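First up is the structure itself, then whatever we jot down about it.
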Amino acid sequence: MPRMRSLITLVAFALIAAGVEERKPGSALDHLPLNIEMLTHFGERADISPDNQRIAFMAKSFGDAMLIDLKTRQIRCLTCNVPGAVFLRVMHLVSGDYILIGPDHFENTHISRARDNELWFLGKDPGSKPIKLNQKMNEGAAISKKSMKISFAETSEQAPDLAEGASRLSTAEIDLSGGEPRIINKKVVYESKDKSCTLEAQDFYDDDREMTFTCYEPQNRASAMGIDLVSGAVTNFSKAPATYNEVEGIFPDGLHAAVEADRQCEQLGGTPGSGNIDIWKLRLDGTGKDFTRLTFFNDYQGGKASNPVLSTDGKFMAFQAAKTTDAAGVGYGILLYWFK
């Protein structure tokens, strides 16, 4: 009998590790708590305007940029005047204009998302056409809510002067004084020499003196990081080796960040990494110990919540419903999470 009980215990642990026993059938969208509401039934990669009145988002990966008014709930397309638009991200500038990120044409998913990924400027006036800023970059960008300051990462795929596997973070500013928008005051602020840490800029905070970024690591792991742009000091905020912690939105207090993390896999099982993620709140005190789970989409088979962004008044968070089997960033609607 003791041998049989041991065998049953081992089988149970194996089932949990495979995610078989602990995740529920169905969808988290059918069981939303009172503080979460569905804003759109399509779209991905939300970005909240600095005045918290509008949310820009992508209709789909390699598609058009959209804008929804949070009072009227009216949606308009920002790039439908661009034939065959293949953008990946849209973000608000404090001027009321927009930054677009993506290639100028679609070649294939990897090349168009990596080698050909670049920054564009889109004016706020209806009918404006995107203007290239002549800057290739890796994944997303950090855009200040208080100034025209931006940050972006480059890898060897976008910058031939970098060694294979290396990456670097730069800050810069968008200048509109000369008629045509341009990038000025570019400055490298941090470098990684190899693939042990591939960089992506995320959010400014503390009046643009500090910035969060993600360090993507081998074996589908990641660390939530921060850099003091004055001193150059870098901090690993998540301090959780062999787990996935991708920093996303910053809380307006500058003391917390929203993180895509896989730590619920310790209870739910399943393959850890960027597939099985949910949104967690991390205190940026450098201990990596103060994590609070905010969403529970990964409690359901095949579900996850991702790409959270915070309003500047701290009243709400926008994020997306996603599937564990899809590529990062793919979403199936924007939701609002209201903080009590």
Side-chain angles (χ1 to χ4, degrees), residues 44-47 58 61 88-89 91 101 113-114 117 137-143 151-153 155 167 169 190 192 195-205 210-227 234-251 256-266 268 270-284 286 288-298 303-310 317-331 334-335 337:
E44 60 195 41
R45 297 193 184 278
D47 184 72
M58 297 305 303
S61 297
L88 289 164
R89 290 171 171 84
M91 305 177 79
I101 299 175
R113 185 167 172 166
N117 196 45
M137 41 91 72
N138 181 51
E139 292 291 340
I143 308 291
S151 179
F152 51 87
T155 70
S167 56
L169 279 175
Y190 187 65
S192 170
K195 290 184 177 179
S196 64
C197 175
T198 300
L199 304 168
E200 180 187 7
Q202 191 53 53
D203 270 301
F204 292 105
Y205 65 104
E210 298 184 77
M211 183 180 72
T212 56
F213 66 94
T214 296
C215 172
Y216 296 103
E217 300 154 354
Q219 299 181 330
N220 200 14
R221 304 293 189 257
S223 293
M225 311 288 289
I227 181 170
V234 171
T235 303
N236 184 330
F237 287 125
S238 52
K239 281 189 171 63
T243 61
Y244 190 88
N245 303 276
E246 180 181 349
V247 66
E248 292 283 352
I250 190 80
F251 283 77
H256 301 84
V259 176
E260 294 175 350
D262 63 356
R263 55 188 53 221
Q264 70 280 351
C265 291
E266 294 176 7
L268 300 174
T271 303
S274 59
N276 281 313
I277 55 171
D278 247 322
I279 300 168
W280 294 68
K281 183 179 181 180
L282 170 64
R283 185 172 180 83
L284 303 179
K289 295 180 179 180
D290 193 343
F291 265 95
T292 303
R293 194 174 177 189
L294 297 180
T295 61
F296 294 82
F297 280 45
N298 195 231
K304 66 179 181 181
S306 67
N307 296 84
V309 288
L310 280 298
M317 172 177 76
F319 68 99
Q320 68 192 40
K323 297 178 181 179
T324 59
T325 52
D326 282 333
V330 174
I334 308 300
L335 298 96
Y337 183 114

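For the numbers below, each heavy atom of this structure counts, side chains included, while hydrogens, waters and symmetry mates do not. Keep in mind it's a predicted model, so treat the numbers as computed, not measured. Throughout, numbering of the chain's residues begins at 1 and tracks the sequence.
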Checklist entry - Which distance, rounded to the nearest 0.5 Å, do you find between the OG of Ser151 and the CE of Met211? => result 3.5 Å

Item to check | Ala327 versus Arg113, closest heavy-atom pair with distance | outcome: CB-NH1, 4.2 Å

Checklist entry - Can you tell me if Asn276 and Thr324 form a side-chain donor-acceptor pair at under 3.5 Å? => result no

Next on the checklist: Taking Val330's backbone N and O only, do any of them form a donor-acceptor pair with Ser61's side chain (distance below 3.5 Å, no angle check)?
Outcome noted: no

Checklist outcome for this item: So OG of Ser238 and CZ of Arg263: to nearest 0.5 Å the spacing works out to 7.5 Å

Item to check | Under 3.5 Å: donor-acceptor pair, side chain of Ser192, backbone of Cys197 | outcome: yes

Next on the checklist: Would you say that Glu139 contacts Arg89 through its side chain, given a criterion of any heavy-atom pair below 4.5 Å between the two side chains?
Outcome noted: yes

Checklist outcome for this item: Between Glu217 and Ala222, the two heavy atoms sitting closest are OE1-N, 3.6 Å

Item to check | Intermediate values then yes/no, side chain to side chain contact (heavy atoms under 4.5 Å, CB included), Val247 and Leu282 | outcome: CA-CA 9 Å; Val247 66; Leu282 170 64; over 6 Å; no

Item to check | Gln320 side, atom CD; Glu44 side, atom CD - distance, nearest 0.5 Å | outcome: 6.0 Å

Next on the checklist: Check this for me, if you would: do Glu246 and Lys304 make a salt bridge, where the nitrogen-to-carboxylate-oxygen distance has to be below 4.0 angstrom?
Outcome noted: no

Next on the checklist: A side-chain contact here means heavy atoms from C-beta on lying under 4.5 Å apart; do Val309 and Asp203 qualify?
Outcome noted: no

Checklist entry - Is the count of non-hydrogen atoms from other residues, nucleotides or ligands lying under 6.0 Å from Lys289 atom NZ greater than 12? => result no

Checklist entry - If you look at every heavy atom in Pro272 and Cys265, which pair is closest and at what distance? => result CA-SG, 4.1 Å

Item to check | Minimum heavy-atom distance between Ala318 and Ile334, given as atom pair plus value | outcome: CB-CG2, 4.4 Å

Checklist entry - Between the side chains of Gln264 and Asn298, is a donor N or O closer than 3.5 angstrom to an acceptor N or O? => result yes

Checklist entry - Under 3.5 Å, is there a donor-acceptor pair between the side chain of Asp262 and the main chain of Gly273? => result yes

Checklist entry - Does Phe297 have any ring-ring contact (aromatic ring centres under 6.0 Å, His included) partners at least two apart in sequence or in another chain, and if so, which? => result Phe319

Item to check | Residue pair Asn245, Phe291: steps toward the side chain to side chain contact (heavy atoms under 4.5 Å, CB included) verdict | outcome: CA-CA 11 Å; Asn245 303 276; Phe291 265 95; 3.6 Å; yes

Checklist entry - Does Glu200 reach the main-chain N or O of Ala153 with its side chain, forming a donor-acceptor pair under 3.5 Å? => result no

Checklist outcome for this item: Of all heavy-atom pairs linking Ala224 and Val259, the shortest is CB-CG2, 4.5 Å

Checklist entry - Would you say the side-chain atoms of Ser274 and Asn220 include a donor-acceptor pair closer than 3.5 Å? => result yes

Checklist outcome for this item: d(Ile279 CD1, Glu260 CD) to nearest 0.5 Å is 7.0 Å

Item to check | Verdict with supporting geometry, Leu294 and Met317, side chain to side chain contact (heavy atoms under 4.5 Å, CB included) | outcome: CA-CA 10 Å; Leu294 297 180; Met317 172 177 76; 4.3 Å; yes

Checklist entry - When rounded to the nearest 0.5 angstrom, what distance separates NZ in Lys281 from CZ in Phe251? => result 4.5 Å

Checklist outcome for this item: dist Asp47:CG -> Ile143:CD1 (nearest 0.5 Å) comes out at 8.0 Å

Next on the checklist: If we count only N and O atoms by modelled type, under 3.5 Å, do the side chains of Gln202 and Thr214 hold a donor and an acceptor together?
Outcome noted: no

Checklist entry - Going through the distances and angles, do Asp278 and Thr295 end up as a side-chain hydrogen bond (donor to acceptor under 3.5 Å, both in side chains)? => result CA-CA 6 Å; Asp278 247 322; Thr295 61; 2.6 Å; yes

Next on the checklist: Just to verify, what does Asn117 make a side-chain contact (heavy atoms from CB on, under 4.5 Å) with, not counting sequence neighbours?
Outcome noted: Leu88, Ile101, Met137

Checklist entry - Of all heavy-atom pairs between Trp280 and Ala261, which one has the smallest distance, and what is that distance? => result CD1-CB, 3.6 Å

Checklist entry - Donor-acceptor pair, Thr155 side chain versus Asn138 backbone, under 3.5 Å? => result no

